[in-house]
Each structure stands twice: as structure tokens, then as C-alpha cells.
J.: 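Structure incoming, see below.
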Amino acid sequence: MVDVNHRLTIDDLTVEFPTRRKLFTAVDDATLTVEPGEIHGLVGESGAGKSTIGAAIMGLLDRPGRIAHGTIRLGDREISGLDQAAMQDLRGREISMIFQDPLTSLNPLFTVGEQLVETITAHLNLNAQQARRRAVDLLDRVGIPEPGRRVDQYPHQFSGGMRQRVVIALALCSEPEVIIADEPTTALDVSIQAQILDLIRELARERQVGVILITHDMGVIAETTDRVTVMYAGAIVESGPTVQILGQPQHPYTKSLIAAVPRPGLKLHRFPQISYGGRETTFKIEDLARNWPVQPATDGPLLQVQGITKRFLDKNSLIPSRRRYFTAVDDVSFDIRPGEVFGLVGESGSGKSTIARMIAGLYGMDAGRVLFDGTPIEDDVDGYRRQVQMIFQDPYSSLNPRHRVDAIVAEPALHLGVIPRAQVKDRVAELLDRVGLGAEAGLKYPHEFSGGQRQRISIARALATQPRFLICDEPTSALDVSIQAQILNILKDLQEHLGLTMLFISHDLPVVRQMCDRVGVLKDGALVEVAETAQLFGAPQHDYTKELIRLMPKTDLLSDEGLGSAAE
Amino acid sequence: MVAYIVRRMLQSILVLLVVGLVAFSMFRFVGDPIEQLLGQERTQADVDRLREALGLNDPFPVQYFDFLVRAVQGDFGISYRQSRPVADIIAERLPATLELALISGLLAVTLGIALGVFTAIRRRGVAANVIMSTSLIGVSLPTFLIGILLIYVFGVQLRWLPTFGRGDVVDLGWWSTGLLTESGLKSLILPAITLGLYQMTLIMRLVRAEMLEVLRQDYIRFARARGLRSRAINFRHALKNTMVPVITVTGLQLGSIIAFAIITETVFQWPGVGLLFINAVQFVDIPVMAAYLMLISVMFVLINLIVDLLYVWVDPRLRIDGKTA
């Protein structure tokens, strides 16, 4: 039975941001309906206008954004034209919102209880004691153990997943009818993601809350939503039941978006790239091969990691025996063969990035050693640095914003003196051209590029010294799925045409499945399993690996159209 | 927590020892005290006797140690110029400076925070923009000029307020206060504004910048999305989060209000320790200079200690015992 009084209806919504030069239309004539108890997915790439719809419903559009026309109705009441005071009354009471990052959406200086109580008393007529009791109840309901004790703790005393539960509890303070969840699990590990999505499903089912789930993750959409609306450049391109949209997409954009999603079950030779809207990029890695030094023949493994351990000081003390350490990496050993892509997977805090930094020589080791081509890395630091380069996760913070792109790309080559100064300019131009940016990109600054373009600058920088080994630390986790496909294709080309060996670190199992020849699984700083990729995904040995694979969002619903031929 | 405080204290003591060394060095390297103490008609025997009596023949570390021991007991020796114990002179002058610093500090903090919050919340309003533009004057004009301008306008032209001295003071035995008489309060107004104006504009601009930063944070957006009232968001959630950097700067600024009261005290002939110091410099009265140096460093160290404790009070993340569960 559907209660029409709590249905959220959006009709012909257009949101505009007037800027000095022109009018930017963030949402263009969007129409959608969310029934009580229904989870309605809103999917699209960054800049598609998904979050703007959420903000428009809440009346929280950033300046100078405004609703140009169209209506938003809750039941038969129009809420798009309400004044600030009426809106304030509605927010939290009838429509709540959950934000992406639980680390930043709670005020760090107030206890969880204080934040709950103030929200409860803002909406319900309860005294301090009753409000506190309700706060404890809410924490209990979202699955926080010992709610009576934890209500008096500060946000930093909660883990990421627990914090997101607190955020959900805050959204539930006065039994809202609609919840807008804006990328609620993007910042979380898969196991936590599964729990939070379960909780959201449960809320929708048991309390008949209508949920708008905004996400860029097709796996989350496939697993959680009843209906889905696909957006591209501010406009809705397709909308309907999830099974139908994902299984038989009609619109070419939806088709290309679905095709770009990495599948855990099937290894592809190349990712299909989104060819919608003329955003194709061409890169010519194979052309680099002409000037690339031939990889010297190596018999054994190229990189040997032998029992490396890293401890961080947790609590300092003058007395050495009272110091407490946190073992981030615990006696990890593996080999990487020449020309191979070796994957390291694990959840946050499992030590993936620490291992990458130790291998790169950025962190010292408390025990163990790393051998490159049979030589311990500390024996020839400069030579090693020439051979090994790194690509970082965040393309926004890993490029110096005050340097021009050509200077950024040239820096490692100049610093290590790999090639004569006179040739650096040509090398930089060639690299930028080959990664599909064009030589003239060197004259610009990093902020003029999108996330995917910046990551290609990072790749060009890593290639400047003509290394043999690349360390890629979550190179695509900050990128949209179509951009991710591009970057992964470039990396595959590097392996194929230049014979580069790679350490590929990721928390995203489907991506690892596509990229890696062998995979190591990390848990709490220790390596629990190393296996050939197909074997790891087909017949995982360790319980933890099985658990990770079980929790992967399922993509069975997704259409196979446009995937091309499989590699295996 | 206790370990944290103890460590801070130890650091403070180290700082004071170093400042003490500098202060003590003045005796050794800025003129010869014997020259100052004994007049023209002296014999070599007098000089030797006095040297021995003052301990000037002891090795440098021993003299430094003696200086420290006496300094800790509040004994900074005898003023060369006034021939009275330095400690007494300072104790006599200190209330004037502390009262001035307190009033201008309060003025700077309360007005600075209030105006900072106002200009941040109404950042597109006319009033906020006028305040912001005017505040540039406060930041850019030197203290003595502000003082002279205020004296000219309110003292000379309008004749509303006195232009020098403390007015009538009430002696409470160990403290002489100007806060209890009308002329005392009137006398405070101009110097307090002069001294506090720069700090006030600085605090205001800092609060505004921090506040604008905090208002962009996710937890503020989330607070809005929960339907909290604007007042609760601005004054509870946002203001408390702006406090950590504001406390740092404000603490240091209050230190300099005391330390750099010198200029204001000179302009207004305010009988405080700053004026005392200026006079001491003119007459090379080294014990007074050394004592002043020590006094100011004690103040700075104390303020910094308080600032560090305030951090912990404001920000629960700094309380080390609360580990992530």
C-alpha cells in the first residue's frame, strides 16, 4: 500500500547558476517521483547534477544557484517555493539528508549525544531527559553497540562506519518521510558499505521512508535500489525500474556507462571507453616504445620484498618499555616478476599504502629489506629512484598547484639527471602528447585540468625517467568510472608496449581483477594470501579473501552489451 | 594529561632560563656596574671591595646561578637611578600596566570576535563591508599615530577626556586601581582604545576568515540539513570551531599588549612598567631593564601555557586518553 501523502514528486525542475559570463544550467527539466518505502537511485558522473537535485529538495542550493522553474512536492504540498523559516522547519523533520563523508559531517567539538539532542529538541517537543533517551534509542536502532556509553563520546572516538551510523541516526531524529543519501558509502570500505546499505534498505522497508540514493557506483545501484534515474550533464537520460535500466539500457549514455563498469567475473583486454558526448581521448603509448630502452633481461623477480615491517609510535613515553607501537606492516614478503602487474588489496588501514611508500623508499623499514633486480635498494638510491616511479591516489593534491605542467613532468628527469637538460623539453612534450593531453598542455597549470587529465599528468611525470617499475597507489579511486576506464587502459598499455612492471594497490576488487596478474590480500598489516588473479577470484583460500569477494557489489544485473571480447 | 602539563611546564622553565641568561648578560656586557655605582672619587681598594661584595669576581656560571636564585625570590637588585629595590619599583608600576592591558585586551577580544562573526555571517551586507574597509585603518596605522589622533580629537578639540596620566587612583594596599574613580576610568578610555585597536582589528579579521572557512565545512551543511536554527549553527557549531586558531593568535596578541604597551604608555604618559622601561633605557638602568625583560617573558610563557590548556579544553581530539574505539 502506497501512502500518497508522503510521495516526493519533482516536476520539470531546472536549477541554474548564473555566473558572470553565462548562465550554467546544473539541472535541466528533471522529473522524478519517489514513493514511500522506495529506494530511488540517482546515478551519473561528477557534474551530472545529481547532488544539485538533492540540494534543491533540501532548499540548500549553494549561492548563486536558484530554481528557475519546476516544482518539488511532498504529498500534495509544494515545498520548492517555501521561505527560509518554513524550509528550516521541514529540514530534518520531514526530509533528512546523509552526506558522503562521515569523517567531516559531524562537528568534531561536540559529543554525539549533544548533536543528537539538539537536533531532537529542534523538531520535537521533548525535555532534555526525554531527548537524551531518544538519542540513545536512535543509536541503538542504527546498530551502535553500548549506546548508553557511546552517546557521550566525541565523533573522533568512532570508526568510519560507526560515524556513518551516527549520521544516519541524526537523519532519523524526527522520523522523516524522505531521506536523501548523497554518496553515503563512497568513503567506506566494502564490508562497512554492505552494512550501511543494509541499514538503509531496512529503514526503507520497515519505516516506509522514501530514499533518494545518489551515487556514481553502479554496483551500489544494482544491489540497493528499486528504481534508478540516470543523469548526464544536468538532464535525465533514462529512468525506470533498476532491473530494466541496468539489464536493458536504451539510451546510448546509459549503455556506455554500464559498459565501463569493471566486472569481477570477466577479465577484459581493454575497457570499453565511454564514447558518449564526444569526450573520447586518444593516447598513443605504443609510440613511446620507439624511444624506450629495451628492458634488460632479468632471470629472477624484478622486485623482492622480504619480511618488511613498519611500526608507528602510538603513545610516546620517556621510558622505552612504556612506549606503545602500532604495527602497520607486519613481516610482509612477496616477489614481483618482470613485466607483471602485482595487485595489493585490503581495506583502509590494512597497510597497503605504507607498503607502497616503503618500497618507494619514502618510509624507512623497521625490519626486512627490498631488493630491486637483486640489489638492496639502499645500495644505489639514485639508480633505484630512476627505475621506480609512483602514481598517487589524489590527482588534486599530488601535483604542485604553483608549478606549470611542463615543470612538473620535467622535475624527476631533471632532478635525477637522466637525460641532458637540452632534451628535457622534447621529452616532456612527447610524454604529454602520448598520454593524450597534447604538448601545449605543458604551458598550463594543474587547476586547468580535470581529475582524469591530472592523473594523466601524473603518469607522464612518472614516465619521465623511463622507469622499469611503477607503483600505483589507488590511481583511479578518485575518478569517475569512464575516466577510470581511460586511466586503466593507459596503465595496461604501459605494461604491454613498454614492458613496465607494476605494483597496483587498490581497495576495489573488480578493478584489481581487470588489472593484475597476481594479487596479494592484506589484512591488518599482514599478507594473508597471494595467488594468480583468476585463482584468487575463482577459488579463494583464506576466509578473509572469501569474505571480501562475497561483499563485492554484484554486477550480474548489468548488461553485457559493448563489453567486447574477453581476455581469457 | 598530567604528563602533558608537566612537559609544558618544563619547556616553560627552559625558556625562562634562556631569557634569564640574556637578561643577566646585560649586566656583564652593557657597561660596568662599578662605574655606575661609584662616583669619580674612588680608590682601587673601593673598587676591589665592591667587586668582591657584589660577587663580580666569581666565575660567570656562579654569578648566573646567584642571579637566578635571587630572581626567583623576586630580588632583582637595586635600581641604579632610583637607589630602591627594583622589585618595589615594578610592583608599584605594574597595576597601571596590567589594568590598561586587561581593559584593552577585553575590548579587543569581545569586539573583535563579535565583529568578526557579524562580518562573516553578513558578508555581503553593506555594514559588514564598511566594517571590513574601516578595519584596514586599524591594521595599517601605527599605534603612536592613533594615540596622537585620539588625543587631538577627544582631548584637545572636544575636551571630553584626559590626555595623560591615570587620573585618581584608589590604593588597596598592594594594588592601586584606577577602575574605581571616574577620572581613573575616563583616563583609561583613550589609552585602552589606542592599545587595543590593532589587536581588535586583527582578531576580527582572523575570526571572519576562520568563520568563513568553517561555514563551508560539511558538518555545517549537515547541521543545516538537520533543520537546526541559524543561531545554533552560527554561534554553537561554527564559532566553537573557529576558536582554536583564534586562541593561538589572541594569546600571543595579549602578550604583546603587555609587552608593547611601551609606546602607548609613552604617548599617554601612563605611569606603567613600559614607561619605566623607556626611562630605564635612557639612563642605562640595567637592573630595571633586566627585571622588565624577565617579567615580560614570564607573562608570555604563562599566556602560552594557558593557550595550550585552552586548546585541550576546546578540542576533545587533543585529549590523549580518548583513543578511537
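We use all heavy atoms of the structure for the numbers below, so side chains are in, but hydrogens, waters and symmetry mates are not. These numbers come from a predicted model, not from an experiment. Labels below follow one simple rule: chain letters A, B, ... track the order of the sequence lines, proteins then strands, and each chain is numbered from 1.
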J.: May I ask you to name which of B/N241, B/V244, B/D315 has the most heavy-atom pairs under 4.5 Å with chain A?
T.: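 So the answer, after comparing B/N241, B/V244, B/D315, is B/N241.
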J.: Looking at every non-hydrogen atom in both residues, tell me the closest pair between B/A101 and B/L195 and how far apart they are.
T.: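 Taking B/A101 first and B/L195 second, the nearest heavy atoms are CA-CD2, 4.5 Å.
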J.: For the residue pair A/F99 and B/F222, does the interplanar ring angle fall in the parallel (under 30°), tilted (30 to 60°) or perpendicular (over 60°) class?
T.: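 Perpendicular: the ring planes of A/F99 and B/F222 meet at over 60°.
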J.: Does a donor on one side chain and an acceptor on the other come within less than 3.5 Å for B/T248 and B/Y311?
T.: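 Per modelled atom types, B/T248 and B/Y311 side chains form a pair under 3.5 Å.
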J.: Select, from B/Q217, B/K240, B/M243, the one with the greatest count of heavy-atom pairs under 4.5 Å involving chain A.
T.: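 Of B/Q217, B/K240, B/M243, B/K240 has the most heavy-atom pairs under 4.5 Å with chain A.
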J.: Does any donor atom in the side chain of A/Q153 or A/R150 lie under 3.5 Å from an acceptor atom in the other side chain?
T.: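 Yes, because at least one side-chain N or O of A/Q153 sits under 3.5 Å from a partner of the opposite role on A/R150.
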J.: Quick check for you: among A/Q84, A/M58, A/Q115, which has the greatest number of heavy-atom pairs under 4.5 Å with chain B?
T.: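 If we count pairs closer than 4.5 Å to chain B, A/Q115 comes out on top.
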J.: Check each atom of B/R124 against the heavy atoms of chain A and say whether the ones under 4.5 Å are side chain, backbone, both or neither.
T.: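 Contact with chain A: side chain only.
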J.: Is it true that the side chains of A/S96 and B/R226 contain a donor and an acceptor less than 3.5 Å apart?
T.: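 Their side chains do not contain a donor-acceptor pair, so the 3.5 Å distance test is not met.
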J.: Sort out for me which of A/A122, A/P176, A/C173, A/P108 touches chain B most, counting heavy-atom pairs under 4.5 Å.
T.: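 The candidate making the most pairs under 4.5 Å is A/P108.
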J.: Given that the side chain runs from C-beta out, which part of A/E114 has a heavy atom under 4.5 Å from chain B: side chain, backbone, both or neither?
T.: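 Both backbone and side chain.
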J.: Chain B: which of A/H123, A/M97, A/R93 shares the most heavy-atom pairs with it under 4.5 Å?
T.: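 The candidate making the most pairs under 4.5 Å is A/H123.
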J.: Under 4.5 Å from any heavy atom of chain A, what part of B/V314 do you find: side chain, backbone, both or neither?
T.: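 Contact with chain A: backbone and side chain both.
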J.: Check whether the side chains of A/Q88 and A/R91 place a donor and an acceptor atom closer than 3.5 Å, and report yes or no.
T.: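 Note: A/Q88 and A/R91 side chains miss the donor-acceptor criterion.
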J.: I'd like to know which of B/R236, B/R221, B/R224 tops the heavy-atom pair count under 4.5 Å against chain A.
T.: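 Heavy-atom pairs under 4.5 Å are most numerous for B/R236.
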J.: For A/L90, is it the side chain, the backbone, both or neither that has a heavy atom under 4.5 Å from a heavy atom of chain B?
T.: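 Contact with chain B involves no heavy atom of A/L90 at all.
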J.: So, A/D182 and A/S51: side-chain donor and acceptor under 3.5 Å apart, yes or no?
T.: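 On atom types as modelled, these side chains qualify, holding a pair under 3.5 Å.
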